[in-house]
Amino acid sequence: MIDLNLIREKPELVRQALADRQMETSSVEQVLQLDEQRRSLIQEVETLKAERNVVSKEIGQMRDPAARQENIDAMRLVGDRISALDEDLRQVQARLDELMANIPNLPDARTPLGVDENENVVIKTVGEIPELDFQPKPHWELGPELGIIDFEQGVKITGSRFYVLSGAGARLQRALIAFMLDLHTRQGYTEKYTPFMVKSDTLVAAGQLPKFYDNLYKDHEEDLWMVPTAEVPLTGLHMDDILDEDSLPRYYTAYTPCFRREKMSAGRDVRGIKRGHQFDKVEMYIFCKPEDSPAAFEKMVADAEQTCAELGFTYRVLQLCTGDLGFGSTITYDIEVWAPGCGEWLEVSSISNVTDFQARRANAKYRPVDGGRARLMHTLNGSGLGMPRTLIAVLENYQQPDGSVVVPEVLQPWMGGTGVIS
RNA sequence: GGAGGGAUGGCCGAGCGGUCUAAGGCGGCUGUCUUGAAAACAGCUGUGGGGUUACACCCACCGGGGGUUCGAAUCCCUCUCCCUCCGCCA
């Protein structure tokens, strides 16, 4: 959520941001109108409440029964009026909240203008697209041939787009998770193990509800939702907190599965493990002071890049344009790794500075050392990295002409001597 | 799942229809005193909203939500969480 005062004071700025994101701008006018209505209602109802408070206090001390009754009758009418106004106010507030919940964050000045993902900008490419002297196989061939990915069993027990990892395949994914958590720990992040289910308040705080209701899995009887990303529980860690300034920044990393109920288009990404309703991810997350978030963003990008580099991947860094930018983000870099088997760049990470957008919703603040008012923190999130695609990249990049896979050096400590999958 | 007990300001803890404008204590901040510190004494102390150039001032908040009442921390309903015991269980 953005600051309502910003819309009040600089509506043209917000209108421009919406236009840059290829969105309707009419909500700005509606917000302004509702806000005015809201404030006029507040003034009216609070004047009445002040009156009732004063008179009620007097009633308590009155001795004359007639005068007392007269005041009670008068206040009963005032009370009825207050109830009616409170109800009006509730409705106006609800409409305002809904509008505000659907206004995205303002893009950073460095985010390039663009209509859609075709106008994202490649910042840099690291490594070369390898020239192989044999025909590389896609992972959906490699995996079953090596007996480490079983698509039939996934479909059998759960359904379309689910798979089972087996033996060295399962172990390889576990190795990747452990490697990433250990690397991020060295980079200064504190590892967190969080619940994989959260209550709706947490999803609201993280900005997933109400907007992404359709993409979430939910318990039918209780207020428990499967996390769509570790970003959700990590944001929730400090909702309604006021942290000490000198305890910032806080760097967190967490492994969680991610559950997403998105509608998959039938013909797209159907092969392999690239896209599914369940996937694993190691996430990085930072809470920091507003003035520190640009530097924190650079750090997080560098940390994700290092993860790719240590795995020996050829990767490129893209900057998302305004038309492709996520709802809460001001600036986002995606990292894509080259997968020679399927012959495409795979998005394995997305790093965003959401400034105070999530913090405002989550009510996540810090107390300055000078003891002044609590201020909203800034938050940043980034994948480090997304699992199935990283697994794809390992299999496809490290495959040998004979169909075996040589596991990268950095992962071997977790592979139990299995340096080669064959 | 069953029975009982709880939830009050940064923390402890009183209050159980009307000066609650939430006692008292601890902690914190400021000041007086002091060469300095401690002690003592005095004052201050949260969040959100409205309002103001800025103040003043006003409203709301005693776990969440709803209700009764002229008036609710206090009474009623409901939910959540914590504690004790029983049952079940990896």
Side-chain angles (χ1 to χ4, degrees), chain A residues 1-10 31-101 193-205 209-210 218-225 233 236-248 356-377:
Chain A
M1 196 161 56
I2 64 169
D3 188 354
L4 178 57
N5 286 316
L6 187 65
I7 300 184
R8 218 184 272 164
E9 286 155 22
K10 295 177 179 169
V31 165
L32 287 172
Q33 196 218 321
L34 281 170
D35 178 48
E36 209 159 302
Q37 226 177 314
R38 167 182 155 269
R39 281 186 290 163
S40 119
L41 280 169
I42 286 172
Q43 285 172 39
E44 192 178 352
V45 74
E46 288 193 349
T47 304
L48 291 174
K49 284 181 180 174
E51 182 190 346
R52 181 176 66 180
N53 286 346
V54 170
V55 176
S56 290
K57 203 153 289 178
E58 288 169 4
I59 290 172
Q61 290 154 352
M62 288 180 111
R63 290 281 163 263
D64 176 8
R68 185 183 163 98
Q69 192 55 47
E70 190 179 321
N71 275 303
I72 288 176
D73 292 344
M75 284 310 103
R76 184 173 295 134
L77 292 176
V78 170
D80 291 345
R81 180 80 185 129
I82 288 172
S83 299
L85 287 171
D86 268 342
E87 180 53 33
D88 290 350
L89 183 59
R90 238 193 308 277
Q91 285 177 20
V92 168
Q93 186 70 55
R95 273 188 284 160
L96 185 58
D97 288 345
E98 196 193 331
L99 279 171
M100 288 299 290
Y193 170 84
T194 70
F196 302 158
M197 305 176 92
V198 293
K199 57 183 178 176
S200 51
D201 287 353
T202 307
L203 286 157
V204 170
L209 283 177
K218 179 188 189 310
D219 183 288
H220 280 293
E221 292 176 353
E222 299 192 60
D223 183 30
L224 287 175
W225 307 62
L237 291 180
H238 293 308
M239 64 180 170
D240 296 322
D241 277 355
I242 299 176
L243 303 179
D244 290 332
E245 177 177 353
D246 54 20
S247 76
L248 297 177
D356 61 10
F357 193 81
Q358 263 178 341
R360 182 170 292 105
R361 218 47 106 89
N363 192 26
K365 300 185 172 182
Y366 72 97
R367 172 95 47 208
V369 280
D370 64 20
R373 292 179 80 75
R375 299 165 66 199
L376 289 169
M377 294 188 274

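So you know, we letter chains A, B, ... as the sequences are listed, proteins then strands, and number each from 1.
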Identify, with sequence neighbours excluded, every residue that meets side-chain hydrogen bond (donor to acceptor under 3.5 Å, both in side chains) alongside [X].
{"X": "A:Gln93", "value": "A:Arg38, A:Asp97"}
{"X": "A:Arg90", "value": "A:Glu87"}
{"X": "A:Ser40", "value": "none"}
{"X": "A:Arg39", "value": "A:Asp35"}

For atom CG of A:Asp86 and atom P of B:rG50, their distance in whole Å: 16 Å
Protein-nucleotide distance (A:Ile42, atom CD1; B:rG49, atom P), rounded to Å: 10 Å
Residue list, salt bridge (charged side-chain N to carboxylate O under 4.0 Å, His left out) with A:Glu51, at least two apart or on another chain: none
Salt bridge (charged side-chain N to carboxylate O under 4.0 Å, His left out) involving A:Arg52 - partner list, sequence neighbours excluded: none
Phosphate OP1/OP2 of [N]: any [X] side-chain N/O under 4.0 Å:
{"X": "A:Arg38", "N": "B:rG49", "result": "no"}
{"X": "A:Arg39", "N": "B:rG50", "result": "no"}
{"X": "A:Gln69", "N": "B:rC70", "result": "no"}

Partner set under ring-ring contact (aromatic ring centres under 6.0 Å, His included) for A:Tyr366, not counting sequence neighbours: none
Protein proximity profile, nucleotides 52-67 of chain B - base contact B, sugar-phosphate-only contact S, no contact -, cut-off 4.0 Å on heavy atoms: ------BBS-------
Nearest-Å distance once atom C1' is located in both B:rU68 and B:rC86: 37 Å
Got a list of protein N/O to nucleotides 6-8 of chain B N/O distances below 3.5 Å?
none

A:Asp240 and A:Lys365, any side-chain heavy atoms less than 4.5 Å apart: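 No; the side chains remain at least 4.5 Å from each other.
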Donor-acceptor pair under 3.5 Å, A:Arg68 side chain vs B:rG18 base: yes
Pairing annotation in dot-bracket form, given for RNA chain B with Watson-Crick or G-U pairs under 3.5 Å and | for cross-strand partners: ((((((((.[[[..)..(.....]]]((((((.......))))))(((((......))))).[[[[[..)....]]]]])))))))....
Could you tabulate the donor-acceptor pairs under 3.5 Å formed by side-chain atoms of residues 65-77 of chain A, not counting sequence neighbours?
{"residue": "A:Arg68", "atom": "NH1", "partner": "A:Ile59", "partner atom": "O", "Å": "2.9"}
{"residue": "A:Gln69", "atom": "NE2", "partner": "A:Asp73", "partner atom": "OD1", "Å": "3.0"}
{"residue": "A:Asn71", "atom": "ND2", "partner": "A:Ala67", "partner atom": "O", "Å": "3.2"}

All N/O pairs under 3.5 Å across the protein-nucleotides 74-83 of chain B interface:
none

